[in-house]
2 protein chains.
Amino acid sequence: MTEMLASARQQRILDALREREQVRVTSLAAELGVSEMTVRRDLNALAERGALVKVHGGATLDAAPTSSEPGFTHKLALESGEKQAIAQAAVKLIKPGMSIALNSGTTTYALASQCTGIKDLTVVTNSPRIAEIFYAAANPSQNIILTGGIRTVSDALVGPLALSALGQLHVDVLFLGVHGMTSEDGFTTPNMLEAQTNQAFIKAAARQIIVADHTKWGVTGLCQIVPLSQVDALITGPRLDEEAKVLLRQALDTLILA
Amino acid sequence: MTEMLASARQQRILDALREREQVRVTSLAAELGVSEMTVRRDLNALAERGALVKVHGGATLDAAPTSSEPGFTHKLALESGEKQAIAQAAVKLIKPGMSIALNSGTTTYALASQCTGIKDLTVVTNSPRIAEIFYAAANPSQNIILTGGIRTVSDALVGPLALSALGQLHVDVLFLGVHGMTSEDGFTTPNMLEAQTNQAFIKAAARQIIVADHTKWGVTGLCQIVPLSQVDALITGPRLDEEAKVLLRQALDTLILA
DNA sequence: TGCCTTCTGATAGAATTTGATCGGAATTGT
DNA sequence: ACAATTCCGATCAAATTCTATCAGAAGGCA
């Protein structure tokens with residue numbers, strides 16, 4: 001067999017995955033005629049783009065083992081102490097009568113859980129799961145607006161409808177969860193459509209506040225949302241690198257350590 | 001049989017659980033070809049994520065439907081024989097590759113439950129709950145579009161965003177659930193905003209099919225959606241008044257008795 | 001050609017998964 | 001209540017898999 005380009009090899013991995021649902025490192029190495037190390041590197045690259053999810057021994061298409069398990073995300077978000085602390089710091093900035101926006105993410109999910117009691121709050125979100133929190137709380141003074149669109153695996157509504165909806169709206173404050181942030185690449189996410197939607201969120205808000213735990217620092221997703229300097233504030237945990245703190249304070253007006 | 005990935009094994013445990021309601025450690029170990037210890041570990045992992053509940057000797061699905069009442073409506077819609085029959089008749093009209101729209105309602109909810117297996121289906125809906133059915137099924141060939149908006153008590157997204165979204169879309173067939181229908185007042189619903197949204201649904205569809213059980217006949221809601229003659233077909237139950245059947249056949253092209 | 005970057009393969013050590021065993025806990029039958 | 005049985009969790013050893021690191025190969029560029 002002739003040598004294969006790396007991109008072609010990764011494409012074949014995705015093809016095999018779509019066909020078999022599960023692929024194993026050892027069998028891929030044999031089929032593609034490359035070492036297991038190379039297969040692992042391909043899987044890592046694909047996983048970083050969100051094209052697949054790595055599991056022990058191989059990879060799978062959809063991580064969600066249970067279809068639609070609110071309990072899973074629920075616990076994931078709420079059991080993390082840092083996310084809770086960040087949410088707590090964020091909720092202090094929200095006053096009755098305000099309008100806020102929340103994109104899809106576990107940190108914003110944690111924040112939403114703490115907002116159900118706030119009076120006369122208007123919430124714009126592209127996450128059905130976050131909307132569900134408010135629906136369940138049924139606070140009659142609150143106004144919950146769900147953008148339309150198609151749903152990504154990470155529970156975000158994206159696409160033309162989401163963009164069009166966000167283009168019609170304006171909120172006081174946006175709380176934006178991100179997947180990665182670095183000095184060079186700014187705030188990033190692995191999904192291109194989500195990046196586009198998040199940009200629309202930023203345009204729709206008078207103030208932009210990023211919420212991200214310290215593990216997001218140094219991570220670069222596929223797609224940039226905005227450079228660091230384009231947002232007003234960042235709320236993160238205290239365990240952040242000292243060097244990162246310095247860099248962030250240079251780029252941002254406000255850095256809040258929850 | 002080749003070795004199975006751990007994640008695949010856990011997926012099969014969940015599949016078995018959905019099918020049988022109860023699974024035993026011993027039988028799972030035999031079926032999956034692994035030791036009981038491994039099964040226990042899998043059950044622990046799944047239980048920690050809330051995907052199932054462990055019981056002595058095995059595991060079961062979470063019995064207590066958490067706080068929110070999707071289970072309630074779920075049963076309400078699916079336990080009604082007539083709604084099921086109507087949905088069954090409706091699903092026969094849907095072919096792979098089509099695009100359909102479903103407004104919010106218990107009958108359309110029942111219909112959605114029967115559509116998750118259809119290939120290359122595009123679904124437009126303003127009901128987060130109906131969207132959730134498709135998300136849970138996670139059929140990769142299907143395209144689920146949720147209109148935006150604010151949610152009414154009957155789980156419909158309405159308002160400017162919903163109208164704007166529907167204005168941008170066109171589908172082959174609309175299945176519309178209604179609250180009332182009479183010869184004089186046409187199809188009606190008690191909520192003005194939903195009526196408006198339903199009108200947008202009708203505009204967005206090449207064919208309009210009403211799905212409504214026989215109890216809807218003679219009921220007039222606050223707000224008219226359209227006169228009887230403005231839609232292409234009605235699917236209802238056979239227990240409808242003879243007089244109503246005559247009137248409906250006059251007004252409509254097609255009357256289907258499920 | 002020589003240098004540099006990128007990709008690939010090999011190796012070793014760390015981490016994860018699995019199965020077996022055993023003491024203790026829960027369930028069942030009498 | 002008591003004993004027998006079944007089931008569960010902890011622990012350890014073996015096997016597999018993962019990550020990190022280094023060295024060689026391939027290709028671009030002056």
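Chain letters run A, B, ... following the sequence lines, proteins first and then strands; every chain starts at 1.
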Scan side-chain atoms only and decide if A:Asp185 and A:Gln224 contain a donor-acceptor pair under the 3.5 Å cut-off.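 Looking only at side-chain atoms, A:Gln224 and A:Asp185 do not form any donor-acceptor pair under 3.5 Å.
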Are A:Ser127 and A:Thr125 close enough that a side-chain donor and a side-chain acceptor fall under 3.5 Å?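 Not at all, the side chains of A:Ser127 and A:Thr125 share no donor-acceptor pair under 3.5 Å.
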Rounding to a whole Å, what distance do you find between [X]:[atom1] and [N]:[atom2]?
X: B:Asn44; N: C:dT18; atom1: CG; atom2: C1'; result: 15 Å
X: A:Leu28; N: C:dG9; atom1: CG; atom2: P; result: 14 Å
X: B:Arg40; N: D:dT6; atom1: CZ; atom2: P; result: 13 Å
X: A:Glu36; N: C:dG9; atom1: CD; atom2: P; result: 11 Å
X: B:Asp42; N: D:dG9; atom1: CG; atom2: C1'; result: 15 Å
X: B:His56; N: D:dC8; atom1: NE2; atom2: P; result: 5 Å

Is the shortest distance from a Lys or Arg side-chain nitrogen in A:Glu242 or A:Lys245 to a carboxylate oxygen in the other one below 4.0 Å?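 Yes, charged N to carboxylate O under 4.0 Å.
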Categorize B:Val55 for me: base, sugar-phosphate, or nothing, with a 4.0 angstrom heavy-atom threshold over every strand shown.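 Result for B:Val55 = sugar-phosphate.
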Donor-acceptor pair under 3.5 Å, B:Arg41 side chain vs C:dG19 base: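 Such a pair exists between side chain and base.
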Below 4.0 angstrom from OP1 or OP2 of [N], is there any side-chain N or O of [X]?
X: B:Arg24; N: D:dC7; result: yes
X: A:Arg9; N: C:dC7; result: no
X: A:Lys54; N: D:dT19; result: yes
X: A:Thr38; N: C:dG9; result: yes

Can you list everything that forms a side chain to side chain contact (heavy atoms under 4.5 Å, CB included) with A:Gln88? Sequence neighbours excluded, please.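 Scan of A:Gln88 (side chain to side chain contact (heavy atoms under 4.5 Å, CB included), adjacent residues dropped) gives A:Gln114.
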Give the nucleotide from the list C:dT8, D:dT19, D:dT17 with an atom nearest to the side chain of A:Met37.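 That would be D:dT19.
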Which nucleotide in the list D:dT17, D:dC18, C:dA26 gets nearest to the side chain of A:Thr26?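 Nearest nucleotide to the side chain: D:dT17.
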Side chain to side chain donor-acceptor pair (under 3.5 Å), paired with A:Asn103, selected from A:Asn126, A:Thr189, A:Thr197, A:Asn198: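 Considering A:Asn126, A:Thr189, A:Thr197, A:Asn198, a side chain to side chain donor-acceptor pair (under 3.5 Å) with A:Asn103 is found only for A:Asn198.
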Say whether, by atom type as modelled, one donor and one acceptor occur between the side chain of A:Asp232 and the main chain of A:Ile209 under 3.5 angstrom.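 No: the side chain of A:Asp232 does not pair with the backbone of A:Ile209.
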May I ask you to decide if A:Cys115's main-chain N or O and A:Gln142's side chain share a donor-acceptor pair within less than 3.5 Å?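 Yes; judged by distance alone, with no hydrogens or angles, the pair exists.
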Rounded to 10°, tell me the angle between the two end axes of the helix from C:dT1-D:dA30 to C:dT30-D:dA1, each built from five pairs.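 Inter-axis angle at the termini of the helix from C:dT1-D:dA30 to C:dT30-D:dA1: 30°.
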